[in-house]
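For reference, the structure is listed below as C-alpha cells.
Proteins come first, then strands; the chains are lettered A, B, ... in the order of their sequence lines, and each starts at number 1.
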Amino acid sequence: MLEQLITSNTIKAIQKLYGVEIKENLISLQNTRPDIEGDITLVVFPFLRMSKKGPEQTAEEIGSFLSENVEEIESYSVIKGFLNLVVSNNYWLNFFNENAVIPTYGYRETKDEDPFVIEYSSPNTNKPLHLGHIRNNLLGWSIAQILKANGRNVKKVNLVNDRGIHICKSMLAWLKYGNGATPESTGIKGDKFVGDYYVRFDQEYKKEIATLVEGGMEKEDAEKNAPLIKEAREMLKKWEINDPEVRSLWEKMNAWVYEGFDVTYNRMGIDFDKIYYESDTYLLGKALVEDGLKNGVLFKKDDNSIWCDLEDRNLDQKLLLRGDGTSVYMTQDLGTAEQRYDEFHPQKLMYVVGNEQNYHFDVLKIILDKLGKDWAEKIHHISYGMVELPHGKMKSREGTVVDADDLMSEMFNTAKTTTEELGKIDGLSEDEANGLFRKISLGALKYFMLKVDPKKTMLFNPAESIDFNGNTGPFVQYTYARIQSIIRKSADVGLNNYSIQHNVPLERKEKELLKTLSQFSEVINQAATTFSPAVIANYIYSLVKEYNSFYHDFSVLKEENKDKALFRVALSAFTSLVIKNGMALLGIEVPNKM
RNA sequence: GGACCCGUAGCAUAAUUGGAUAGUGCAUCUGACUACGGAUCAGAAGGUUAGGGGUUCGAGUCCCUUCGGGUUCACCA
C-alpha cells in the first residue's frame with residue numbers, strides 16, 4: 001500500500017539524514033489538495049526537531065531522498081512545510097490491474113474470532129416504530145455490516161421490551177373497549193392496532209383524572225388513584241404471578257405486534273441474529289445485586305432497598321432493587337449484560353441507544369466495574385442524536401410522531417411520481433417499476449439518515465428533506481445506473497473484453513479516480529473504528545462526484561484509441577463496483593436502470 | 001443547581017482526528033458540446049466556524065471563560 005510504502009521510507013530517510021529513529025505515529029500523510037500538483041502529501045513540521053533546519057529545507061531533503069530511493073515516487077514539490085509527492089502512473093495502473101476484477105473489492109474476510117455483539121432497535125410492544133427507530137435500526141444494521149466488511153465477526157441482537165405496566169395499559173384498554181376486534185377483523189396492522197389501544201387507555205385515564213380533580217382531589221393523588229391505573233397495576237401483578245388469562249391475552253396481543261414489526265423490519269431490510277424478550281430476562285441481575293451486597297460493594301437502606309454509591313465517581317447513588325425486592329431498568333441491564341457476556345464471550349458488547357441514555361450507560365459500566373467484572377470495559381454505547389422535526393421534537397401527544405410505515409409509503413409515492421415525470425419507466429413491467437420505486441425511495445431515506453454523523457442531532461423536514469438531487473441516495477444510484485448502461489453498450493462496439501492488463505497514459509481525472517478507489521478499504525476501516533456509516537456515505541459521494549466530472553469531460557465508448565476506451569470501460573466498471581459495495585454497507589441497493 | 005453534549009453561509013451538513021486559502025448540497029443567479037442516460041456537468045454569490053482569551057510552527061478541532069440550545073441527575077423503561 002502506498003501509505004505504508006511512504007511511511008517506511010520516510011522513517012529510513014529521517015534515519016539516514018538526521019540519524020534519528022522515529023515512530024510511525026509522527027508521520028502524517030494526507031491527500032494533496034486538488035489545486036496543487038501531487039497525489040499524497042507528507043507534513044514535515046514534526047521532523048524539524050530532528051533536522052534542526054527550516055521546514056522548506058527539511059521537506060526538500062526528505063523529498064529528494066524519497067524520489068531517489070522509492071521507485072513509485074516520480075517527483076515532488078515543496079510548499080512551506082508540506083512535501084507533495086507525485087506518484088508514478090505505473091503505480092496506479094498496477095493497483096488497477098490487480099484489484100479492479102475482485103468482486104468483493106474493499107472487504108476483508110471475516111475472521112474466526114470472538115464476536116462483536118451489537119444490540120439495536122429494542123422496541124416496545126405497545127407502539128409502532130417511528131422515525132427515531134428508523135435512525136436506530138439503520139445505524140445498527142449498517143454498523144454491523146461495516147464491521148463485517150472490516151473482517152469482524154458480528155452478532156446482531158434485539159431486546160424486545162414486551163412486558164411492564166405500559167403493555168398492560170393497552171391490554172386493559174382492548175379488554176374494555178375492543179369488543180373482540182382483531183387486526184384481521186379491522187384490517188389494521190397489528191402493531192398499530194395495539195398502539196391505538198395504548199392511546200385509548202391514555203385518553204380514558206386522563207378523563208378519570210379530570211373527574212377526580214373536579215371532585216376536589218389533588219392532581220398527584222388522582223393520578224395514582226384513578227380506577228384505570230389501579231386496574232392496570234393489578235393486571236401487571238397477575239402477569240407476574242403467571243395468571244393464565246392475563247398471560248394468554250398478553251401472548252395474543254404481542255403476537256399481533258410482532259407480525260406488524262416483521263412487516264416493517266422486512267420492508268426496511270433490517271434483521272437480527274437473535275431476539276431476546278424482556279419477559280425472559282427481567283429477573284436477571286438480582287443475583288448480581290445480592291452478590292454485590294455480600295461483598296460490601298452495594299448497601300442497603302432502612303426500607304430494604306439496595307443501592308450503589310457512585311460518589312467516588314462524582315455521581316449520585318443509584319437504586320438497584322426496590323424495598324419490595326423488585327428490580328429496576330438498571331438491574332435488568334446488569335443482568336442481560338452478564339448473560340450476553342457468558343453466552344458470547346464477545347470482544348465488544350455494543351448498544352445502539354439514543355444519547356439521552358448516556359448517563360445510564362456510564363453508570364452501567366461503573367457498577368459492573370465495581371462488582372468486579374473485568375469485562376465491563378468491553379461495553380460500548382453507540383450513542384446517537386435524536387431526530388428532530390422543524391417544530392421541535394416528536395411528541396406522540398401532539399400527534400407529531402412520524403410513523404415508520406407511513407414515511408416509507410410516502411417516499412415510495414414520491415419516487416413513483418418523480419420517476420414517471422422523468423419518463424423513466426418505459427419498457428418496465430409493473431413489478432420491475434415497483435421494485436425500482438422501492439429501491440429509490442429506500443435509497444433516499446437510508447442515505448439521508450446515514451450520511452449524518454451519528455452523534456449529531458439531525459433535523460428531518462418531511463416536506464423538504466428527501467431530495468433526489470445533490471448529495472442523495474438517488475444521485476448515487478443514478479451514477480451507478482448510467483455506468484451499467486455504458487457496460488451494456490460496450491459489447492455492441494466491441495469493447496466488452498476489458499478485463500485485461502491495461503497499460504495506457506493516465507489523464508489527471510482518471511488518476512484522481514484511481515486514487516479515490518484505492519482508498520476504499522481504508523475508508524471502511526475508518527468507518528468501522530468510529531462506528532460511523534456517515535464516513536462511507538461521504539466517501540461514496542465524493543467518488544461519484546469525481547466520476548461524474550470525469551464522465552462529462554471524457555468519452556468512454558467514443559474514445560478513438562481502443563486501449564484507452566477499454567481502460568475507461570474498465571475504470572467505469574470498477575467505479576460502479578465500489579459504489580455497489582459501498583452502498584451495500586448502508587443497506588442500499590443500486591438499480592441497473594432508473 | 002451538578003454532570004454530559006452541541007453551536008460551521010438563509011436552510012441542511014463535511015473537514016483525513018491539531019495541518020495549507022473551511023469543502024459540499026438545497027434555495028438564488030449564469031452557462032453547457034444537437035446526451036456514451038440532463039435525476040448530469042461547469043461557474044457566480046453567500047463565512048470573524050456563537051463571542052472573548054490562551055496553548056504552538058499551525059486551532060472549526062485542545063484548555064479557560066461568557067452567551068445561547070439540548071440531554072440527564074426517577075422506587076419509568
Side-chain angles (χ1 to χ4, degrees), chain A residues 28-36 41 43 45-46 48 54-55 79-82 84 122 124 161 163-166 278 282 303 305 307 314-316 318-324 326-330 332-333 354-360 362-363 383 385-386 388 390 393 418-419 421-422 424 440 448 451-453 455-461 464-465 467-472 474-479 481-490 492-493 495 519 522-523 526 529-530 534-535 537-538 541-542 545 548-559 565 568-569 572 593-594:
Chain A
S28 131
L29 291 167
Q30 56 189 293
N31 282 335
T32 306
R33 294 167 44 123
D35 49 327
I36 294 170
T41 294
V43 184
F45 289 108
L48 302 186
I79 301 174
K80 291 195 262 178
F82 297 91
N84 306 307
S122 314
N124 290 344
N161 180 351
R163 50 133 255 138
I165 188 77
H166 47 295
E278 210 189 283
Y282 79 108
D303 64 351
S305 57
W307 297 73
N314 258 335
L315 299 169
D316 298 332
K318 181 73 194 174
L319 176 84
L320 294 178
L321 278 182
R322 298 186 183 101
D324 63 3
T326 56
S327 56
V328 293
Y329 177 45
M330 181 61 77
Q332 292 175 42
D333 258 15
N355 62 11
E356 74 268 12
Q357 293 199 35
N358 286 354
Y359 178 78
H360 173 78
D362 287 347
V363 172
S383 163
M386 348 198 100
E388 287 188 354
K393 34 167 84 170
T418 309
T419 308
E421 274 167 21
L422 290 169
K424 303 257 186 178
I440 294 176
F448 180 83
K451 77 175 177 187
V452 181
D453 182 341
K455 291 189 298 258
K456 293 198 174 178
T457 314
M458 64 178 290
L459 187 92
F460 182 83
N461 185 334
E464 299 169 10
S465 283
D467 204 330
F468 291 0
N469 304 310
N471 186 0
T472 66
F475 170 80
V476 177
Q477 289 171 322
Y478 175 70
T479 305
R482 211 163 52 172
I483 294 176
Q484 296 317 298
S485 170
I486 291 183
I487 295 173
R488 282 193 297 271
K489 285 189 178 146
S490 66
D492 303 342
V493 287
L495 291 172
Q519 289 160 353
E522 181 46 38
V523 167
Q526 198 199 334
T529 344
T530 55
V535 170
N538 290 332
Y541 180 62
S542 61
K545 279 204 70 137
N548 283 339
S549 174
F550 157 77
Y551 172 91
H552 182 261
D553 287 4
F554 298 96
S555 271
V556 177
L557 298 176
K558 288 179 185 161
E559 166 61 45
R568 285 179 190 164
V569 176
S572 301
K593 294 180 185 173
M594 68 182 276

For this session: Would you classify A/Gln357 as touching base, sugar-phosphate or nothing, given that sugar-phosphate means primed atoms plus P, OP1 and OP2, and contacts are heavy atoms under 4.0 Å?
Result: base
Problem set entry | For B/U56, the Watson-Crick or wobble counterpart (both distances under 3.5 Å) | none
Exercise. What integer number of Å spans the C1' atoms of B/G25 and B/A39?
Worked result: 14 Å
For this session: Would you indicate what A/Ser490 reaches in the nucleic acid, counting non-hydrogen atoms under 4.0 angstrom: base, sugar-phosphate, or nothing?
Result: nothing
Problem set entry | Touch class at under 4.0 angstrom, heavy-atom based, for A/Ala481 against every strand present | base
For this session: Identify whether any heavy atom of A/Met386 sits under 4.0 Å from a base atom; if not, whether one sits that close to sugar-phosphate; answer base, sugar-phosphate or nothing.
Result: nothing
Problem set entry | Sugar-phosphate, base or nothing in reach of A/Asp303, heavy atoms under 4.0 Å | base
Exercise. Using the C1' atom in both, what is the distance from B/U8 to B/G68, to the nearest Å?
Worked result: 15 Å
For this session: Taking the side chain as every heavy atom from C-beta outward, state whether A/Leu48 and A/Pro55 have any pair of such atoms under 4.5 Å apart.
Result: yes
Problem set entry | A/Leu495 vs A/Arg568 side-chain heavy atoms within contact, under 4.5 Å | no
For this session: Send over the distance from A/Phe460 CZ to B/C11 P, rounded to a whole Å.
Result: 19 Å
Problem set entry | Nucleotide B/A3, atom P - distance to NZ of A/Lys318 in whole Å | 19 Å
Problem set entry | ring pair (Phe, Tyr, Trp, His ring centres under 6.0 Å) partners for A/Phe460, two or more places apart | A/Phe448
For this session: First locate atom OG1 of A/Thr419, then atom CZ of A/Phe468, and finally report the distance between them rounded to the nearest 0.5 Å.
Result: 6.5 Å
Seminar exercise, completed: A/Lys456 has its side chain closest, among B/C41, B/G19, B/U8, to B/U8
Exercise. Roughly, in whole Å, what's the span from CE in A/Met330 to C1' in B/C75?
Worked result: 14 Å
Exercise. Got a second to check how far A/Asn471's CG is from A/Lys451's NZ, nearest 0.5 Å?
Worked result: 4.0 Å
Exercise. Is there a stack between A/Phe45 and B/G58, judged by ring centres under 5.5 Å and planes under 30°?
Worked result: no
Exercise. Hey, does A/Leu48 reach any base, or is it just sugar-phosphate, or nothing, if we go heavy atoms under 4.0 Å?
Worked result: nothing
For this session: To the nearest 0.5 angstrom, please state how far the OG atom of A/Ser490 sits from the CD1 atom of A/Ile483.
Result: 12.5 Å
Exercise. Within the structure shown, what part of the strands sits under 4.0 Å from A/Leu459 by heavy-atom distance: base, sugar-phosphate, or nothing?
Worked result: sugar-phosphate
Exercise. When rounded to the nearest Å, what value does the distance between C1' atoms of B/G7 and B/U61 take?
Worked result: 14 Å
For this session: Mind calculating the distance between CD1 (A/Ile165) and C1' (B/A74) to the nearest angstrom?
Result: 16 Å
Problem set entry | Pairing partner of B/G1 (Watson-Crick or G-U wobble, both distances under 3.5 Å) | B/C73
For this session: Determine the interatomic distance between P on B/G1 and the same-named atom on B/A22; round to the nearest Å.
Result: 38 Å
For this session: Please tell me which of the listed nucleotides, B/A77, B/C36, B/G19, lies nearest to the side chain of A/Val328?
Result: B/A77
Exercise. Taking the C1' atom of each, how far is B/G47 from B/A9, in whole Å?
Worked result: 6 Å
Problem set entry | Candidate pair A/Asn358 and A/Ser383, rule side-chain hydrogen bond (donor to acceptor under 3.5 Å, both in side chains), full reasoning | CA-CA 7 Å; A/Asn358 286 354; A/Ser383 163; 2.9 Å; yes
Problem set entry | B/G43 versus B/A50 - spacing of their P atoms, nearest Å | 28 Å
Exercise. Would B/U17 be called syn or anti, given that syn covers angles within 90° of 0?
Worked result: syn
Exercise. Looking only at atom P, what distance separates B/C11 and B/U16, rounded to whole Å?
Worked result: 24 Å
Seminar exercise, completed: Per-nt protein contacts along nucleotides 20-34 of chain B (heavy atom under 4.0 Å; B base, S backbone sugar-phosphate only, - none) come out as BB--SSS--------
Exercise. When the distance from CG of A/Asn355 to C1' of B/U72 is rounded to whole Å, what number comes out?
Worked result: 10 Å
Problem set entry | Whole-Å distance separating the CG atom of A/Leu422 from the C1' atom of B/A39 | 6 Å
Problem set entry | Short side-chain N/O contact from A/Arg482 to OP1 or OP2 of B/G38, under 4.0 Å | yes
Problem set entry | B/A12: pairing nucleotide in any strand, Watson-Crick or G-U under 3.5 angstrom | B/U24
Exercise. So which nucleotide does B/C33 pair with, by the Watson-Crick or G-U wobble rule with both distances under 3.5 Å?
Worked result: none
For this session: Any chance you could lay out the side-chain contact (heavy atoms from CB on, under 4.5 Å) test for A/His360 and A/Met330, step after step, and finish with the verdict?
Result: CA-CA 8 Å; A/His360 173 78; A/Met330 181 61 77; 3.3 Å; yes
Problem set entry | Sugar-phosphate, base or nothing in reach of A/Glu278, heavy atoms under 4.0 Å | sugar-phosphate
Exercise. Does A/Trp307 reach the side chain of A/Leu320, with side-chain heavy atoms less than 4.5 Å apart?
Worked result: no
Problem set entry | Distance test, side-chain N/O of A/Asn548 to OP1/OP2 of B/C41, below 4.0 Å | yes
Seminar exercise, completed: Applying ring pair (Phe, Tyr, Trp, His ring centres under 6.0 Å) to A/Phe475 and not counting sequence neighbours gives A/Tyr541
Exercise. Which nucleotide in the list B/A77, B/G38, B/C75 gets nearest to the side chain of A/Trp307?
Worked result: B/C75
For this session: Would you indicate what A/Asn161 reaches in the nucleic acid, counting non-hydrogen atoms under 4.0 angstrom: base, sugar-phosphate, or nothing?
Result: sugar-phosphate
Exercise. Using the C1' atom in both, what is the distance from B/C64 to B/U28, to the nearest Å?
Worked result: 41 Å
